Amino acid sequence: MKALFHPERYHGWGKNRKYFEGWYYKVITADEKSAFAFIPGIAMDAQGSKQAFIQVLDGIKQTSDYIRFPVEDFNSGANYFTTTIGNNSFALDKMLLDLENVRGELYFANPVPWPNHWYSPGIMGPYAFVPFMECYHGVLSMNHEIRGSLNIDGRDINFNGGRGYTEKDWGHSFPSAYIWMQTNHFSQQGVSLKASVAKIPWLGSSFVGFIAGLYYNQEIIQFTTYNGSRLVRSVAGVDVAEVVMENKNYLLEIVVHRNKATELASPVSGFMDGRISESMTSTLDVKLTDKQNGKIAFNDTGRNAAVEIAGKIDEITID
């Protein structure tokens with residue numbers, strides 16, 4: 001209950017089997033020549049076997065590493081968000097890494113969290129109150145500044161002035177089909193986009209759920225299943241995908257130009273036995289139209305986009 005209105009906190013208290021929880025830190029240097037994702041988490045299978053882990057994704061070199069830890073090395077605060085795995089520490093405002101090939105400290109400033117209300121805790125909205133969801137989601141910061149440096153494979157990388165994004169997932173499995181994308185690198189600074197479409201199991205059936213937020217002019221313009229928005233189009237091919245959503249005031253059109261992806265471990269019934277592919281060098285053509293006057297409010301291409309398209313895409317195709 002303490003964590004319900006704090007998506008960043010650990011939600012796994014009392015869980016002993018068929019459960020996972022992971023935080024996703026995307027960090028990109030100011031010169032955009034280095035792009036990494038660090039994913040700390042915990043996984044428990046149906047038999048109660050447990051492990052902690054940290055995944056490291058190098059988006060430029062297109063490599064990934066899954067580092068296992070004894071579950072005893074995992075600790076997380078109950079009344080605040082600080083998660084430690086061995087000598088590694090993760091919080092909203094910093095990340096301290098002490099891995100064999102990655103060492104250093106990064107600090108995050110001026111985060112942009114998803115709005116949190118008593119009737120709508122974070123990006124899940126009222127679905128956060130539903131106890132049987134397959135996967136829960138939280139956006140901890142749409143966009144923030146980075147300072148600090150990391151030594152990665154013997155190379156010192158300066159992240160001062162870079163940009164970051166942080167989210168998390170918890171539950172027992174990723175959706176059987178989904179499209180997910182995020183970028184905060186546009187020609188206009190201070191803009192960030194996160195969008196996803198997924199098949200959501202529901203009371204013996206399912207529906208196509210969607211969430212998108214465009215942080216623009218210091219406001220997150222929201223398109224969600226639960227706020228009266230509509231998913232107009234959702235298609236994905238080998239090289240290009242397209243997602244179109246509308247709410248009462250705006251039409252959001254996104255064209256995804258997929259780049260080469262790297263394989264990551266993903267949760268299946270709690271354990272990290274699945275495989276997905278993520279690109280960190282894709283581009284997103286994003287257009288926002290004001291429905292009240294028909295004028296284009298925003299039209300730009302996002303760089304360094306993280307993109308995952310996985311599963312039986314026909315289950316979420318709307319054309």
Side-chain angles (χ1 to χ4, degrees), residues 8 23-40 54-65 81-83 88-99 101-114 138-168 180-195 213-221 257 259-260 262 278-286 288 298-307:
E8 73 279 4
W23 294 259
Y24 174 94
Y25 290 79
K26 179 186 178 189
V27 294
I28 296 180
T29 55
D31 61 9
E32 302 178 31
K33 293 181 179 180
S34 296
F36 290 87
F38 297 93
I39 310 170
I54 298 175
Q55 289 200 78
V56 180
L57 169 61
D58 185 330
I60 304 300
K61 291 184 177 179
Q62 297 166 3
T63 60
S64 66
D65 193 12
F81 169 48
T82 297
T83 292
N88 305 275
S89 179
F90 304 88
L92 284 176
D93 61 348
K94 61 185 175 182
M95 177 172 59
L96 313 179
L97 295 169
D98 185 17
L99 302 168
N101 296 319
V102 183
R103 290 184 172 86
E105 303 177 358
L106 297 182
Y107 296 88
F108 312 129
N110 301 317
V112 180
W114 193 273
V139 171
L140 311 187
S141 176
M142 291 278 289
N143 198 338
H144 51 256
E145 303 166 13
I146 307 174
R147 64 179 177 85
S149 64
L150 298 175
N151 184 284
I152 302 177
D153 294 325
R155 181 168 61 104
D156 289 324
I157 302 176
N158 189 328
F159 282 86
N160 289 334
R163 308 304 304 181
Y165 168 85
T166 309
E167 68 170 40
K168 68 172 296 190
W180 171 88
M181 65 197 77
Q182 190 281 328
T183 179
N184 42 20
H185 285 85
F186 291 90
S187 61
Q188 179 178 336
Q189 292 187 353
V191 179
S192 182
L193 173 78
K194 177 265 187 302
L214 178 65
Y215 180 63
Y216 174 64
N217 282 346
Q218 298 186 326
E219 173 192 6
I220 299 179
I221 301 172
H257 300 279
N259 207 341
K260 294 180 180 179
T262 305
E278 178 176 327
S279 165
M280 293 186 71
T281 55
S282 294
T283 58
L284 307 179
D285 296 330
V286 180
L288 182 73
F298 179 80
N299 191 9
D300 203 350
T301 297
R303 313 178 303 279
N304 307 311
V307 174

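As the structure is a computational prediction, the values presented were derived from the model and not from experiment.
Note that CD1 of I60 is 7.5 Å distant from CE of M280, once rounded to the nearest 0.5 Å. Going from atom CD1 of I146 over to atom CG of N158 covers 10.5 Å, rounded to the nearest 0.5 Å. Between the OH atom of Y165 and the NZ atom of K194 there is a distance of 4.5 Å, given to the nearest 0.5 Å. Interatomic distance, Q188 CD to D300 CG, rounded to the nearest 0.5 Å: 7.0 Å. Taken from CG in N143 to NE2 in H185, the straight-line distance is 8.0 Å, to the nearest 0.5 Å. One finds the OG1 atom of T63 at 7.5 Å from the CG atom of D153 (value rounded to the nearest 0.5 Å).
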task: Please step through side chain to side chain contact (heavy atoms under 4.5 Å, CB included) for the pair V102 and F38, ending with a clear verdict.
output: CA-CA 10 Å; V102 183; F38 297 93; 3.9 Å; yes
message: Set out, in order, the CA-CA distance, both residues' side-chain angles and the distance that settles side chain to side chain contact (heavy atoms under 4.5 Å, CB included) for I28 and R163, then state yes or no.
response: CA-CA 6 Å; I28 296 180; R163 308 304 304 181; 5.5 Å; no
- prompt: Would S279 and N259 count as a side-chain hydrogen bond (donor to acceptor under 3.5 Å, both in side chains) if you check the C-alpha gap in whole Å, the side-chain angles of each, and the deciding distance to 0.1 Å?
  reply: CA-CA 6 Å; S279 165; N259 207 341; 5.4 Å; no
- request: Tell me, with the steps shown, if L99 and N88 meet side chain to side chain contact (heavy atoms under 4.5 Å, CB included).
  value: CA-CA 8 Å; L99 302 168; N88 305 275; 3.7 Å; yes
query: Would E167 and W180 satisfy side chain to side chain contact (heavy atoms under 4.5 Å, CB included), going step by step from the backbone distance to the final call?
result: CA-CA 12 Å; E167 68 170 40; W180 171 88; 3.2 Å; yes
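Shortest non-hydrogen contact noted between S34 and I157 is OG-CG2, 3.8 Å. When all heavy atoms are compared, the tightest approach of T29 to K33 is OG1-N, 3.4 Å. Closest approach of D98 to R103, counting heavy atoms only: OD1-NE, 3.0 Å. Nearest approach of E105 to L96, heavy atoms of both residues: CG-CD2, 3.4 Å. Minimum heavy-atom separation, V27 to F159: CG2-CE2, 3.7 Å. Pairing each heavy atom of A30 with each of N160, the nearest pair is CB-O, 3.6 Å.
For T166, the side chain to side chain contact (heavy atoms under 4.5 Å, CB included) partners at least two apart in sequence or on another chain are Y25, L140, H144. Listed by chain and number, the residues in a side chain to side chain donor-acceptor pair (under 3.5 Å) with N151 are D156 (sequence neighbours excluded). Qualifying side chain to side chain contact (heavy atoms under 4.5 Å, CB included) partners for K94, counting only residues two or more places apart in sequence or in other chains: A91, Y107.
Side-chain contact between L97 and F90: present, with at least one pair of heavy atoms (C-beta onward) separated by less than 4.5 Å. Between L284 and V307, the closest side-chain pair of non-hydrogen atoms falls below 4.5 Å.
The closest donor-acceptor contact from the side chain of N304 to the backbone of T281 lies at 3.5 Å or more, if one exists at all. Under the 3.5 Å distance criterion, the side-chain polar atoms of W23 are matched with a main-chain donor or acceptor of E8.
Here the rule is side-chain contact (heavy atoms from CB on, under 4.5 Å) with V286, and of T183, L193, N299 only L193 fits it.
Under the 3.5 Å distance criterion, with hydrogens and angles disregarded, no donor-acceptor pair is assigned to the side chains of Q182 and Y24.
Between F186 and F298, the ring-plane angle classifies as perpendicular under the 30° and 60° cut-offs.
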